[in-house]
Amino acid sequence: MSLSRKEAAEAAPSPPAPAKPSERVRAKVRQLRKRFVFNRELRLRLLSAAVLIPLVLLSTWHGETTFLLVVLITGAVVLHEWFRMIGAGHLMGLKFLGWGGLALVAYVAQTEPVFVATVAAVAVTVACTVAAWKDRTDIAARWVAMGTLYAGLAIVALIALRKGSDGFGAVVFVFLIAWASDTMAFFVGRKLGGPKLWPKVSPSKTWSGAIGGFLAGVLLGAAVANALDVPLTGGTLAVAGFVAIAAQLGDLAESAAKRRFMIKDAGSIIPGHGGVMDRVDGVIAASFVTAGLGTVMATETPAAGLLLIMALG
């Protein structure tokens, strides 16, 4: 009696399971995948930098008013991304209060000394914190306060640093060091690897990347200072080193905040970088340091004070 087609198929021996690739082959595949992802991310970063850096430098060169508008827009986007990160992105009343407050801070920063502008930033922070505390008990008011103060002080520091005839050079000095430090830390860290810098906060960052970024920032800072006819002194190298370190610490601080809220990127507006906050975290931290150092010197502007420090042997 002949078997049906179905019975014959069931009676036939099962084909042997395909052999699993060896560990060597799997390791090679992982290596190729990692290289592809690295090259793709690096290309996106370079393409974004090629577009954004000339635009930022052009707005910085064009004048204080143009620079103020760019800084204000950047600060408003940073605040939006921060509120979105902490779960308050849908609270439009809180966001409009914050944006209006940042516009006030920008005006005060342009027309008044740094101390007065800092007080204005603190006042806006208090207003947003109270509003969050009264309206939404499930949104931690302290995180609203941190984000508002962060965006407000960033606006104060950057606008104050751009003031005066020395402002353009000071801003370019800070920006280029921060960008170089960030880019080289990414490139060297991915290429060389090695011990992790702070694995609980940022598993991808390494000591080799941090050192490479620091050295790149100092070297580029020296080159920019030379182009601006600033003496290449111990003060110049020290300031460049502080800026490079501050830029990396700013990146780590934002990474810690993102890990706290379990997100990879603050946004997706910039290819290869994520959000605006992902791109400017180092610049913001570097501006805090340089504007603070320049203000402590008690000269006409923070930029003039910064150049005075750099002239010290």
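A search for ring pair (Phe, Tyr, Trp, His ring centres under 6.0 Å) contacts involving F115 returns nothing, not counting sequence neighbours. Considering only residues two or more places apart in sequence or on other chains, L219 meets the side chain to side chain contact (heavy atoms under 4.5 Å, CB included) condition with none of them. Scanning for side-chain hydrogen bond (donor to acceptor under 3.5 Å, both in side chains) contacts around S208 gives T206, with sequence neighbours left out. Applying the side-chain hydrogen bond (donor to acceptor under 3.5 Å, both in side chains) test to E112 and every residue at least two apart in sequence or in another chain returns nothing. T148 pairs by the side chain to side chain contact (heavy atoms under 4.5 Å, CB included) definition with L79, F83, V124, T125, C128, V144, not counting sequence neighbours. For S59, the side-chain hydrogen bond (donor to acceptor under 3.5 Å, both in side chains) criterion is met by no residue, not counting sequence neighbours. Not counting sequence neighbours, the partners of L176 by the side chain to side chain contact (heavy atoms under 4.5 Å, CB included) test are V172, W179, L220, V224. Partners of V289 under the side chain to side chain contact (heavy atoms under 4.5 Å, CB included) rule, at least two apart in sequence or in another chain, are F242, A246, L293.
Cluster membership for F96 and L94, using ILVMFWY side-chain heavy atoms within less than 4.5 angstrom, is shared. If you chain together hydrophobic residues whose side chains sit under 4.5 Å apart, V122 and I284 fall into the same group. One hydrophobic cluster holds both L307 and M297 under the rule that ILVMFWY side chains link at heavy-atom gaps under 4.5 Å. Both I155 and F175 are assigned to one and the same hydrophobic cluster, defined by single-linkage of ILVMFWY side chains at heavy-atom distances under 4.5 Å. Both L149 and I159 are members of a single hydrophobic cluster when ILVMFWY side chains are connected at heavy-atom separations under 4.5 Å.
Among L69, V283, V276, the one residue that satisfies the side chain to side chain contact (heavy atoms under 4.5 Å, CB included) test with T74 is V276.
The closest donor-acceptor contact from the side chain of T236 to the backbone of P231 lies under 3.5 Å. R259 places a side-chain N or O within 3.5 Å of a backbone atom of K200 that can act as its donor or acceptor partner.
Proximity of W61 to T66: side-chain heavy atoms (C-beta onward) are nowhere separated by under 4.5 Å. For the pair Q248 and S181, the minimum side-chain heavy-atom distance is below 4.5 Å. Using a 4.5 Å heavy-atom threshold, the side chains of P302 and T290 count as separate. In this structure, the side chains of D182 and R279 come closer than 4.5 Å at one or more pairs of heavy atoms. The shortest side-chain heavy-atom distance between M277 and W82 falls under the 4.5 Å cut-off. Counting heavy atoms from C-beta outward, W143 and M85 have side chains that stay 4.5 Å or more apart. In this structure, the side chains of N226 and L232 stay at 4.5 Å or more apart for every pair of heavy atoms. You'll find the side chain of V174 reaches within 4.5 Å of the side chain of L161, heavy atoms only.
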Practice prompt. Decide side-chain contact (heavy atoms from CB on, under 4.5 Å) for L197 and L252; before the verdict, give the C-alpha distance in whole Å, the side-chain angles of both, and the deciding distance to 0.1 Å.
Written response: CA-CA 10 Å; L197 182 62; L252 280 173; 3.9 Å; yes
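Screening residues 191-238 for ring pair (Phe, Tyr, Trp, His ring centres under 6.0 Å), with sequence neighbours left out, gives no hits. For residues 231-253, the set of pairs meeting the salt bridge (Lys or Arg N to Asp or Glu O under 4.0 Å) definition, not counting sequence neighbours, comprises K205-D251. For residues 231-242, no residue pair satisfies the salt bridge (Lys or Arg N to Asp or Glu O under 4.0 Å) rule, not counting sequence neighbours. Among pairs with a residue in residues 149-170, none fulfils side chain to side chain donor-acceptor pair (under 3.5 Å), at least two apart in sequence or across chains.
Here the CZ-NZ distance, from R260 to K258, works out to 15.5 Å after rounding to the nearest 0.5 Å. The distance from the CZ atom of R84 to the CD atom of E81 is 7.5 Å, given to the nearest 0.5 Å. One distance of note links CG of L68 with OG1 of T111; it measures 9.5 Å at 0.5 Å rounding. Remark: L102 CG to I73 CD1 distance equals 12.5 Å, nearest 0.5 Å. Here the NZ atom belonging to K191 is positioned 11.5 Å from the CE atom belonging to M184, to the nearest 0.5 angstrom.
Nearest approach of V114 to A160, heavy atoms of both residues: CG2-CB, 3.6 Å. Scanning all heavy atoms of the two residues, the minimum distance from I177 to A244 falls at CG2-N, 3.8 Å. Heavy-atom minimum distance, L306 versus A170: CD2-CB, 4.2 Å. The two atoms that bring A117 and V108 nearest to each other are CA-CG1, 3.7 Å, heavy atoms only. Contact between A222 and L237 at its shortest, heavy atoms only, is CB-CD2, 4.1 Å. Considering every non-hydrogen atom in both L228 and G169, the closest pair reads CD1-O, 3.5 Å.
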